[in-house]
Amino acid sequence: MSLESFLKKQIAQQGPVSVADFMHLALMHPHYGYYQQQQPFGKDGDFVTAPEISQMFGEMVGVWLASIWQQMGSPKELQLVELGPGRGVLMDDILRATEHVPAFHESLSIVMVEQSASLQLVQKEKLTPRKVDISWAKTLEKLAPKPTLFIANEFFDALPIHQYIKTSQGLCERMVGVEEGALAFVVGAPGGHSKAFITIEHTLQENDIVEVSPASVHVMEQIATHIKQFGGAGLFIDYGYEMPATGDTLQAVKHHRYHPVLEEVGTADITAHVNFTALANAAKNAGAKQQQITTQAAFLQQVGIEHRAEALQQHATQLQKEAVQKALHRLMDEKEMGTLFKALMIA
Ligand code: SAH
């Protein structure tokens, strides 16, 4: 059975499902979910993320982590948690880039938070040779009670969102149902939404769509609560927006092209833009003292990516020099990832 027929059967029995349930099933169903297959990433997969574009990305995150560790007074025990680590490339680059700070390495116990069993295997294969204290978990429930640094790249965009649409009868949840034999977006009954999550209801025009991600807020609250209790910081990079916004940002990508969200479910990556203001507020409400949102370009520049690019180019062939320049452009340029991607730092 395909995920599509599984979903249609469920909808026939129980009625339309929320966009959040649809997203969760499409990405994380234990048999048919998109992240159960092993090849979403890279040139031969469906999409390329920043760590997969260039080693410089992970190296810069490593610089940031080591400098925060120093600002914390170089604690002897530090937990480093990565959420949604994909193929493990970011962590691998971080560990290589910080090798020359042995006391930092020795302090580390690393926790990789990954729900997909098959991606856990890929990560284990990549990172076991690194000889660091590293373990895997599916959720944040069982972290050790010690100072902790959290990182995540393109993790929050994979967490489920609910969508609501303004109609003449009020705000209604947008659902996935079946029409003429095919999966289709349908409008649910009015009401039922949480006023706490939707702060811009009064500004909405008819047919406007708003998105909320209680799952993301919950994870950020868990992170900030841990930091408040045991000390630490977090860095979260993703495709997203800062100002309150309306509109449908649910998108699917397959083989580097946009794909209809409701077609061939489970074979394309599905994401939504991240509401950074909502994440920062969740961190603040849970007790984080600092929340700073900046662009990916500004963050990478601040930690010195341009110097790193120069150093890499010094002993490189012409071809390698061009590759470094091209990667720098993709990560930094405002028409590429530079400003569309944001970085949230909390402490
Ligand atoms: N950080 C990687 C991969 C991003 S893709 C990179 O930048 O290349 C999203 C990752 O988050 C995948 O590893 C996916 O399996 C994982 N993921 C998605 N939802 C999750 C959840 N609820 N809990 C833990 N991991 C999740």
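Counting convention: from 1, in listed order, for ligands and their atoms alike. These numbers come from the heavy atoms of this one structure, side chains and all, not from hydrogens, waters or symmetry mates.
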Validation: residues 271-280 side-chain donor-acceptor distances under 3.5 Å, sequence neighbours left out:
from   : atom 1 : to     : atom 2 : distance (Å)
Asn275 : OD1    : Thr277 : N      : 3.2
Asn275 : OD1    : Ala278 : N      : 3.0
Thr277 : OG1    : Glu242 : O      : 2.0

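- For ligand 1, the 4.0 Å heavy-atom shell takes in Met28, Tyr35, Phe41, Thr49, Pro51, Gly84, Pro85, Gly86, Val113, Glu114, Gln115, Ser116, Leu119, Asn153, Glu154, Phe155, Ala158, Leu159, ordered by chain and residue number.
- For Lys228, the NZ atom is loosely surrounded, since the number of other residues' heavy atoms within 6.0 Å does not exceed 12.
- Residue Glu211 forms a side-chain hydrogen bond (donor to acceptor under 3.5 Å, both in side chains) with just one option from His162, Arg174, Gln163, and that option is Gln163.
- Screening residues 331-345 for side chain to side chain donor-acceptor pair (under 3.5 Å), with sequence neighbours left out, gives no hits.
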Using a 3.5 Å cut-off and no angle test, enumerate the donor-acceptor pairs between side-chain atoms of residues 147-156 and protein atoms at least two apart in sequence or in another chain.
from   : atom 1 : to     : atom 2 : distance (Å)
Thr148 : OG1    : Gln79  : NE2    : 2.9
Thr148 : OG1    : Lys146 : O      : 2.6
Thr148 : OG1    : His226 : NE2    : 3.1

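- With respect to Glu52 and Lys43, no salt bridge is recorded, no charged nitrogen being found less than 4.0 Å from a carboxylate O.
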